[in-house]
Amino acid sequence: MTSAGHIADAAVNTADDQAGFQLTTRQGWRRFTADAPAPPALLSAEKYERLEPLERQIYDENRLDHHARLRVVATSAVRHTVTCGRRLVLLNKHAISARRGLIVSGPAGTGKTIAITQLGRAHELLDQARHPHATDRIPVVYITVPPAATARMVAAEFARFLGLPVRRSSNITDIIEAVVGVCTDTRTGLVLVDELHNVSLTSRTGAEVADTLKYFSERIPATFIYAGIDIENSNLLSGTRGQQIAGRFTLIPTTPFPYNTEWQGLIATLESTLLLHHHTPGTLARLDRYLHDRTGGMIGALSHAIRGAAIDAILTGSEAITKDSLAAIPLDHSAQSLAHSPIKVRR
């Protein structure tokens, strides 16, 4: 079989195959923690020209899918979160009550979700390595707090991840008891709660959500990790309930990156993943200052700009990323506002 034929046979799943596999479901989380598919091989110009139209389309679709995936870079914030989280899991292992937790807090786009999900992935893989033949374990639970959440909605998010049915007639006590029972039986050791900023202690509903999370943390023998936007400046750490959270949770701040060697390393790492036929290695490295000014040091905006420009390079046939093609990628408002703010990120 020709190399082109192998390309056709090795086509990866399209984005449609990902439908319904969200991190907030057990199936989606398992897919996330599994090994990422190997990137397609970059063909020589000669082999690329010899491809049949359908084979070329499949090859390009595979490269588009590769660039669309979020490449996780082991930043200092990610490493620190994983280290602190692993430490807490070990410290909490034999704790009967008052287990300690972790809050990852910072502006939008600074890598909070990446940090806690990488912690969760590391914990899940370690658990699988220790229990390779166990099929009845759910070592990690990941949920997000819905906007305007009620206590029942949060309990239902736990149930949804675990695959438990939630009927209209189910009251919150029934849901909580079912969740606690399953998490205990399946040896859940880590619970990740994202979008914590959607909880406000100024309302009765928000206070009930906080109480429900606290009750879960007391009943489920696991380490709880929270993530949210600017939690330290919210009301979640004030008042009686807030003081209880502050007294048991360590806070890890995430911030925009300063222009330094780590920022340069991030760009070099992302550039090394590009699969473009005419891209000159080192182009992005030479644009590191421009990329910092453009994104305000936000890793989310940096990843979006580079991946978006790579996708455009394939779709337009230019097969290279330039300063102009990076400038053509619209960024989120937060990154653009920070980039144009007179108060620059500390360098």
- Can you run down the salt bridge (charged side-chain N to carboxylate O under 4.0 Å, His left out) pairs that involve residues 222-251, sequence neighbours left out, and say none if there aren't any?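 Sorted result for residues 222-251: Asp211-Arg241.
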
- Message: Do Thr283 and Ile321 make a side-chain contact, defined as non-hydrogen atoms from C-beta onward lying under 4.5 Å apart?
- Response: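 Thr283 vs Ile321: side chains apart.
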
- Message: So, using salt bridge (Lys or Arg N to Asp or Glu O under 4.0 Å) as the criterion, who are the partners of Arg286 when residues are at least two apart?
- Response: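 Result, salt bridge (Lys or Arg N to Asp or Glu O under 4.0 Å) vs Arg286: none returned.
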
- Message: List the residues meeting salt bridge (Lys or Arg N to Asp or Glu O under 4.0 Å) with Glu208, not counting sequence neighbours, and say none if there are none.
- Response: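 For Glu208, the residues satisfying salt bridge (Lys or Arg N to Asp or Glu O under 4.0 Å) (neighbours in sequence not counted) are Arg204.
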
- Task: Taking side-chain hydrogen bond (donor to acceptor under 3.5 Å, both in side chains) as the test, write out the residues that go with Asn198, two or more places apart.
- Result: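 Listed in chain order: nothing, the list is empty.
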
- Go through the structure and list residues passing side-chain hydrogen bond (donor to acceptor under 3.5 Å, both in side chains) with Ser217, not counting sequence neighbours.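 Expected list: none.
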
- Query: Atom CD of Glu55 and atom NZ of Lys47: how far apart are they, to the nearest 0.5 Å?
  - Reply: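 Taking CD in Glu55 and NZ in Lys47, the distance rounds to 13.0 Å.
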
- Message: As an exercise, state the distance from CG of Leu23 to CZ of Phe32, rounded to the nearest 0.5 Å.
- Response: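 Leu23 CG to Phe32 CZ: 6.0 Å, rounded to 0.5 Å.
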
- Task: Determine, using the 4.5 Å side-chain heavy-atom cutoff (strictly less than), whether Met153 and Leu201 are members of one ILVMFWY cluster.
- Result: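 Result: no, two separate clusters.
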
- Message: Are Leu251 and Leu196 connected into the same hydrophobic cluster when the rule is that any two of I, L, V, M, F, W, Y join if their side-chain heavy atoms are below 4.5 Å apart?
- Response: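 Result: yes, single cluster for both.
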
- Aromatic rings Trp263 and Phe257: how do their planes relate, parallel, tilted or perpendicular, breaks at 30° and 60°?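 Rings of Trp263 and Phe257: tilted, as their planes differ by 30° to 60°.
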
- Query: Does atom NE2 of His80 have more than 12 heavy-atom neighbours from other groups under 6.0 Å away?
  - Reply: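 No, because the 6.0 Å sphere around NE2 of His80 holds 12 heavy atoms or fewer from other groups.
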
- Query: Quick one: ring-ring contact (aromatic ring centres under 6.0 Å, His included) partners of Phe224, sequence neighbours excluded?
  - Reply: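 Applying ring-ring contact (aromatic ring centres under 6.0 Å, His included) to Phe224 gives none.
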
